[in-house]
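Every chain is numbered from 1, with letters handed out A, B, ... down the list of sequences.
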Protein chains: 2
Amino acid sequence: MLNGRTPSVKDVAAAAGVSLGTVSNVMNRPEVVSARTRERVERAMSELGFVRNESARQLRAGTSRTLAYVMLDGTNPFFHDVAQGIELAAEDADLSLFICNSNSRLAREEVHLDRLLQQRVQGILITPVDPAAPHLDELIRRGVPMVIVDRIRNADSCCSVAVDDVLGGRIAVEHLAEQGHTRVAFIGGPESLGQVHERLVGAREIWESLGRDPDDLIYLPTETLSVAEGRSAGERLAGLPARRRPTAAFCANDLLALGLLQQIIGAGLRVPEDLAIVGFDDIEFAAAAAVPLTSVRQPRQELGRAAAQLVLDEATNPDHRHRQLQFTPELVARASTVKRARAL
Amino acid sequence: MLNGRTPSVKDVAAAAGVSLGTVSNVMNRPEVVSARTRERVERAMSELGFVRNESARQLRAGTSRTLAYVMLDGTNPFFHDVAQGIELAAEDADLSLFICNSNSRLAREEVHLDRLLQQRVQGILITPVDPAAPHLDELIRRGVPMVIVDRIRNADSCCSVAVDDVLGGRIAVEHLAEQGHTRVAFIGGPESLGQVHERLVGAREIWESLGRDPDDLIYLPTETLSVAEGRSAGERLAGLPARRRPTAAFCANDLLALGLLQQIIGAGLRVPEDLAIVGFDDIEFAAAAAVPLTSVRQPRQELGRAAAQLVLDEATNPDHRHRQLQFTPELVARASTVKRARAL
DNA sequence: TACCTGAACTGAAACATTTCAAACTTACCC
DNA sequence: GGGTAAGTTTGAAATGTTTCAGTTCAGGTA
């Protein structure tokens with residue numbers, strides 16, 4: 001009677017000689033069914049190899065058991081660490097995590113969001129290409145719990161979790177100034193990315209507050225935040241005549257810094273003697289680089305975990321209030337800026 | 001009449017003044033509905049903000065629109081590159097990809113698989129903790145399309161995609177022998193991981209076929225394949241008296257090699273003069289390491305893409321035949337083994 | 001004995017779709 | 001003006017769960 005089909009509750013009920021309501025109870029409210037029947041039903045389940053159909057469950061119960069994270073750039077380990085933090089929180093709440101990757105493309109992000117809406121996920125965590133994109137407002141309008149990760153949203157129309165990027169920019173450049181650098185490059189882009197913009201703002205703020213000439217903080221824009229772009233920025237930099245060339249570079253993330261480092265060393269220059277380099281994020285590979293990389297650390301897992309908790313609160317707590325969590329970044333000094341690296 | 005609820009086909013049908021079968025047709029067989037009604041329905045949809053409920057669709061249609069990849073180790077960029085390849089293929093087939101991470105724990109893997117079964121995903125790609133684990137047979141028995149990634153399965157009970165790990169081990173050690181090394185360490189573990197085992201087998205094969213003393217190929221086991229374990233292996237190595245110490249190390253993956261490199265340099269030794277290092281996978285960060293890392297390259301994205309194609313074939317092609325695809329690894333020589341690195 | 005109680009179980013409705021046979025329209029042909 | 005074919009549209013069944021108002025029944029109380 002169950003020819004090939006995967007067995008349903010109905011089959012289990014028949015096999016155990018109970019009604020299908022009872023089978024459902026065994027799964028969802030085991031305490032209301034007597035030990036004897038529960039036992040019987042469970043045996044029937046395992047004999048038939050019953051696996052509950054999540055679509056049907058979700059359709060009827062109206063609630064899904066998954067969270068989703070739309071990450072900005074899958075090639076950047078930073079986001080995977082964030083995802084790992086989310087996953088841990090999801091696991092605690094007995095939820096699955098759907099991971100998508102927009103690859104910094106707005107269109108791709110939109111496709112993913114649309115699909116997630118169709119899946120009726122419980123909540124969406126996202127590091128958006130553009131936090132002002134209308135499709136995010138659309139999510140809010142629909143009442144889908146959402147939290148922005150690694151970006152603060154001006155309006156308090158949703159929760160967000162991030163580090164203070166302006167401060168990050170300040171401490172990076174302050175560190176370089178302390179090391180005696182007087183011409184510094186800021187490498188990063190596109191500037192439309194808030195992360196890039198704010199790190200640059202912080203860099204300029206501290207530079208000027210130290211009484212330096214704004215022209216000595218040189219903005220070297222890049223197309224993306226990738227290792228390859230870092231290398232190409234390195235070419236541009238190495239091409240400059242020595243006296244025009246900055247003596248230090250602050251990169252908007254570690255991938256850029258790693259590419260820059262590679263290129264600079266390949267060109268026969270020394271780090272930090274000819275060029276000091278500071279990255280951002282402090283991904284695991286920063287410490288293992290050609291010259292261990294000084295970087296501005298973000299609490300990556302913590303970011304993810306906090307975000308997940310916020311989205312869960314929004315999903316389950318009726319008097320949820322939107323919050324903007326801000327973490328403090330921290331400078332990790334290594335050999336790429338400090339001559340004669342001591343073990344730290 | 002639709003107070004707060006998210007609108008359903010029924011609401012759209014009412015708004016457009018057609019039956020709900022027609023609305024469904026607009027979504028699934030637009031060619032059978034006249035341009036005029038189609039237009040009307042589409043307007044109603046966007047006015048109401050209708051979003052199709054994927055659970056209901058899937059329940060009735062019996063088929064899901066997602067693939068899943070259960071990766072072995074989320075901290076290793078190698079697997080994310082594989083995932084990226086899968087994602088590209090999935091995108092072409094208009095499917096979503098569910099990414100899970102077993103973190104090398106069998107129990108976690110089982111939890112994920114169980115959930116995926118409940119979701120009735122179209123197919124499962126997996127880099128298993130243990131390809132012989134019974135829960136994989138269970139999947140096969142159930143008829144869920146599955147392909148093993150980065151591992152070849154002895155039996156042809158399912159498809160698999162991998163590189164020839166034995167060959168990878170051979171070319172790595174052959175390269176070291178060519179560079180004149182006579183004492184070589186193999187670093188990796190646990191040996192229960194097939195990847196580790198076979199790379200070791202290949203290493204031993206070539207070593208002996210070159211007429212070297214088996215005792216001069218030293219196996220230094222590690223607990224996992226992580227940067228931290230690489231560092232600790234480095235400590236053990238650096239602790240050896242210079243004349244007992246191997247002059248080269250072949251690491252079972254790049255994370256290990258990166259950690260080893262870091263530790264060796266930190267201990268004041270030189271690479272490759274005091275210790276030459278070969279990694280495996282050729283992840284993007286290998287080239288950017290302290291000393292650019294020689295590594296055995298796997299075609300990572302290609303692996304993922306091929307695996308996805310196999311699983312789709314199994315899912316859709318009635319006379320699918322299981323296949324074991326094997327790619328050929330390739331040595332990428334860099335400064336960690338070649339003194340006076342030339343630009344390659 | 002009649003009545004009540006609570007625990008255990010049942011059965012049908014509901015969820016939002018897809019599918020498909022049947023019904024309805026047109027338009028065209030003889 | 002009847003017949004037919006092709007093109008549209010309809011309505012109801014079916015998918016596998018959960019939920020909840022009822023039913024049953026054993027045991028206790030008056």
May I have the distance from A:Glu54 (atom CD) to D:dT18 (atom P), rounded to whole angstrom?
9 Å

In this structure, how many angstroms lie between the P atom of D:dT9 and the CG atom of B:Asn28, rounded?
16 Å

For A:His135, check ring pair (Phe, Tyr, Trp, His ring centres under 6.0 Å) against everything at least two apart and list the hits.
none

Would you work out how much the helix from C:dT1-D:dA30 to C:dC30-D:dG1 bends between its ends, with each end axis defined by five base pairs, to 10 degrees?
60°

I need the full list of salt bridge (charged side-chain N to carboxylate O under 4.0 Å, His left out) pairs touching residues 64-81 of chain A, with sequence neighbours left out, sorted by first then second residue.
A:Asp81-A:Arg300

Less than 4.0 angstrom from a charged side-chain N to a carboxylate O is my criterion; do A:Glu54 and A:Arg57 meet it?
yes

Please name all residues satisfying side-chain hydrogen bond (donor to acceptor under 3.5 Å, both in side chains) with A:Glu91, sequence neighbours left out, ordered by chain then number.
B:Arg108

Figure out the CD/P separation between B:Glu31 and D:dA6, and round it to whole Å.
17 Å

Would you call B:Glu42-B:Arg38 a salt bridge at under 4.0 Å N-O?
no

Pairs under 3.5 angstrom, nitrogen or oxygen only, protein versus nucleotides 9-16 of chain C, please.
from	atom 1	to	atom 2	distance (Å)
C:dC9	OP1	A:Ser34	OG	3.3
C:dC9	OP1	A:Thr37	OG1	2.7
C:dC9	OP2	A:Ser34	N	3.0
C:dC9	OP2	A:Thr37	OG1	3.0
C:dT10	OP2	A:Ser19	N	2.7
C:dT10	OP2	A:Ser19	OG	3.2
C:dT10	OP2	A:Thr22	OG1	2.7
C:dA14	N3	A:Arg60	NH1	2.9

Which residues pass the ring pair (Phe, Tyr, Trp, His ring centres under 6.0 Å) test with B:Phe98, not counting sequence neighbours?
A:Phe98

side-chain contact (heavy atoms from CB on, under 4.5 Å) partner of A:Leu72, chosen from A:Leu225, A:Val149, A:Asn101, A:Leu193
A:Leu193

Rounded to whole Å, please give me the gap between CZ in A:Arg29 and C1' in D:dT19.
7 Å

Step-by-step side chain to side chain contact (heavy atoms under 4.5 Å, CB included) determination, A:Asn103 to B:Gln84
CA-CA 10 Å; A:Asn103 252 311; B:Gln84 175 80 9; 3.5 Å; yes

Rounded distance (Å) that lies between atom C1' of C:dT17 and atom CE of B:Met45:
12 Å

